[in-house]
Amino acid sequence: MCGEFWNGWFDHFGEQHHTRELDDYEKELFLHDTLAGLTEYGTEAWSDTAYGALVNRQAACGGYALACKLLFDVAGIKSAAISGKARNESGVEAPHMWLAAEINREWYFVDPTWDDPVSSNGFHIVRHTYFNVTQAQTANSHFDYSLPGGIECVSEKEDYYLRSERLVRDESGIDRIEEAMRTVKALPAHLEYRIEGEELYKSIFSAREENGGFADRIKNSVPDAENMLCSYSFDRDRNIIHIYVRNKVKE
């Protein structure tokens with residue numbers, strides 16, 4: 001019933017990665033990003049089913065989670081749908097569904113719904129804030145759940161920001177972010193980094209420097225700044241910064 005959609009996914013998967021065998025993390029990342037990139041949040045008919053996400057391309061948390069699990073099953077990745085509650089930054093609680101996935105012999109939480117927020121700044125954003133995270137890292141936002149026997153999500157080995165070298169461990173990390181900004185070519189662009197530790201987070205983003213604060217440094221790093229717009233937002237739940245670069249709209 002969704003053969004065209006399904007074949008398109010895995011044809012693309014093969015075209016992009018036919019040169020070598022992928023590990024679980026690489027398969028997982030591709031499927032997570034593609035699902036989030038092709039699906040929008042909604043509560044219409046079938047929104048809590050995999051069909052809603054994969055065929056209608058609109059889903060609520062149940063549809064995202066079940067579709068992601070189905071894709072993981074086909075790719076040979078063990079996973080389990082987790083039902084519980086979630087609390088957003090405003091403190092509002094609601095029933096929620098996400099996944100636990102076994103990646104390279106360790107279990108992690110994956111939340112494709114929360115990694116696909118409502119489109120902002122004129123383009124669809126796919127984030128990795130809740131991609132391969134631990135139970136402790138999500139204790140404030142994901143709770144009131146039970147895990148299948150034998151599953152514990154405690155490892156940080158396959159954390160997205162660690163694997164993609166976007167984990168900032170000291171203040172020199174700003175230099176790395178600036179360098180990444182200077183190499184931005186394809187627009188719109190989205191860069192994301194996780195700051196390790198609350199004190200470092202406060203130090204980097206609160207301190208003023210001779211050449212301006214963090215916002216000034218980032219904006220000044222953008223090539224052709226006169227014709228580009230640069231903005232950023234924070235995910236305080238996990239100390240993550242998201243930076244967005246796009247062309248200015250000509251009047």
Side-chain angles (χ1 to χ4, degrees), residues 24-25 27-29 31-37 39-54 56-75 77-118 125-162 192 194 198 233-240 242:
D24 288 346
Y25 174 89
K27 296 176 184 177
E28 176 200 26
L29 180 61
L31 295 173
H32 167 278
D33 287 5
T34 306
L35 176 65
T39 308
E40 293 187 356
Y41 188 87
T43 56
E44 302 297 327
W46 306 99
S47 63
D48 278 321
T49 68
Y51 184 92
L54 297 176
N56 295 340
R57 298 191 179 181
Q58 184 182 87
C61 62
Y64 274 91
L66 294 176
C68 200
K69 184 183 187 317
L70 178 59
L71 294 170
F72 286 175
D73 287 347
V74 172
I77 297 171
K78 293 182 181 179
S79 64
I82 307 298
S83 295
K85 293 182 179 179
R87 181 188 298 114
N88 65 21
E89 292 182 352
S90 300
V92 177
E93 299 179 6
H96 190 51
M97 182 180 287
W98 63 99
L99 295 176
E102 186 182 39
I103 305 301
N104 297 326
R105 301 183 180 181
E106 302 280 359
W107 285 89
Y108 303 87
F109 276 167
V110 183
D111 190 339
T113 310
W114 276 29
D115 278 345
D116 187 20
V118 176
I125 301 164
V126 177
R127 298 181 176 179
H128 301 87
T129 308
Y130 298 95
F131 183 83
N132 290 353
V133 295
T134 69
Q135 293 165 241
Q137 289 171 335
T138 55
N140 292 329
S141 57
H142 294 62
F143 57 97
D144 198 15
Y145 58 85
S146 60
L147 292 174
I151 293 179
E152 286 187 305
C153 300
V154 297
S155 174
E156 298 184 34
K157 293 179 183 178
E158 305 296 339
D159 175 271
Y160 171 81
Y161 300 96
L162 180 62
E192 53 188 320
R194 181 164 73 87
E198 183 69 16
S233 64
F234 299 120
D235 260 322
R236 289 310 308 271
D237 187 41
R238 297 204 59 229
N239 288 345
I240 291 169
H242 298 276

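Hydrogens, waters and symmetry mates are skipped; everything else that's a heavy atom, side chains included, is used. Sequence positions, counted from 1, serve as the residue numbers for this chain.
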(message) To check you understand the geometry: which heavy-atom pair defines the closest contact between E28 and F72, and what is its length?
(response) CG-CZ, 3.6 Å

(request) Determine yes or no for a side-chain-to-main-chain donor-acceptor pair under 3.5 angstrom, with D115 supplying the side chain and V126 the backbone. (result) no

(request) Verify whether one side chain among D159 and Q137 offers a donor that lies under 3.5 Å from an acceptor in the other. (result) no

(message) Between T49 (side chain only) and G52 (backbone N and O only), is there a donor and an acceptor less than 3.5 Å apart?
(response) yes

(request) Find the distance between CD (E158) and CG (L29) and round it off to the nearest 0.5 Å. (result) 11.0 Å

(request) Compare all side-chain heavy atoms of I82 with those of P148 and state whether any distance is below 4.5 angstrom. (result) yes

(message) Taking the side chain as everything from C-beta on, heavy atoms only, tell me whether D235 gets closer than 4.5 Å to E89.
(response) yes

(request) Evaluate side-chain hydrogen bond (donor to acceptor under 3.5 Å, both in side chains) for Y108 paired with S155, printing each intermediate quantity in order. (result) CA-CA 7 Å; Y108 303 87; S155 174; 3.0 Å; yes

(message) Using side-chain heavy atoms (C-beta onward) and a distance below 4.5 Å, is L147 in contact with Q135?
(response) yes

(request) First locate atom SG of C153, then atom CD of E102, and finally report the distance between them rounded to the nearest 0.5 Å. (result) 10.5 Å

(message) How long is the straight-line distance from CG of D24 back to CD1 of I77, given to the nearest 0.5 Å?
(response) 5.0 Å

(request) Kindly indicate whether the side chain of H32, heavy atoms from C-beta on, has any atom under 4.5 Å from the side chain of V110. (result) yes

(request) Please state whether the rings of W114 and H96 are parallel, tilted or perpendicular, taking 30° and 60° as the class boundaries. (result) tilted

(message) Can you give me the closest heavy-atom contact between D116 and A36, atom names plus distance?
(response) OD2-O, 3.1 Å

(message) Taking Q58's backbone N and O only, do any of them form a donor-acceptor pair with E44's side chain (distance below 3.5 Å, no angle check)?
(response) no

(request) State, with a plain yes or no, whether a side-chain heavy atom of I103 is found less than 4.5 Å away from one of N132. (result) yes

(request) Can you see which heavy atom on A81 is nearest to which on L66, and at what distance? (result) CB-CD2, 4.4 Å

(request) Verify, without hydrogens or angle tests, whether R238 (side chain) and Y130 (backbone) share a donor-acceptor contact under 3.5 angstrom. (result) no

(message) Tell me if a side-chain donor or acceptor on D111 pairs with a main-chain N or O of T113 at a distance below 3.5 Å.
(response) yes

(message) Among Y161, F109, Y25, which residue satisfies the ring pair (Phe, Tyr, Trp, His ring centres under 6.0 Å) criterion with F131?
(response) Y25

(request) Specify the closest pair of heavy atoms between A53 and A59, including all atoms of both residues, with the distance to one decimal. (result) CB-CB, 3.8 Å

(request) Find out whether L35 and L54 are in side-chain contact, i.e. whether some heavy atom of one side chain is under 4.5 Å from a heavy atom of the other. (result) yes

(request) Mark yes when over 12 heavy atoms from residues, nucleotides or ligands other than E152 sit less than 6.0 Å from its CD; otherwise mark no. (result) no

(message) Are the side chains of K157 and L162 in contact, using a 4.5 Å heavy-atom criterion?
(response) no

(request) Check H242, E192, R194 against H128 for a side chain to side chain contact (heavy atoms under 4.5 Å, CB included) and give me the one that passes. (result) E192

(message) Give me the atom names and distance for the closest heavy-atom approach of D48 to C61.
(response) OD1-N, 4.4 Å

(message) For A65 versus L99, what's the shortest heavy-atom pair and its separation?
(response) O-CD2, 3.5 Å

(request) Rounded to the nearest 0.5 Å, what's the gap from OG1 on T138 to CZ on F143? Could you check? (result) 11.0 Å

(message) To the nearest 0.5 Å, what is the distance between OG on S79 and CG on L71?
(response) 9.5 Å

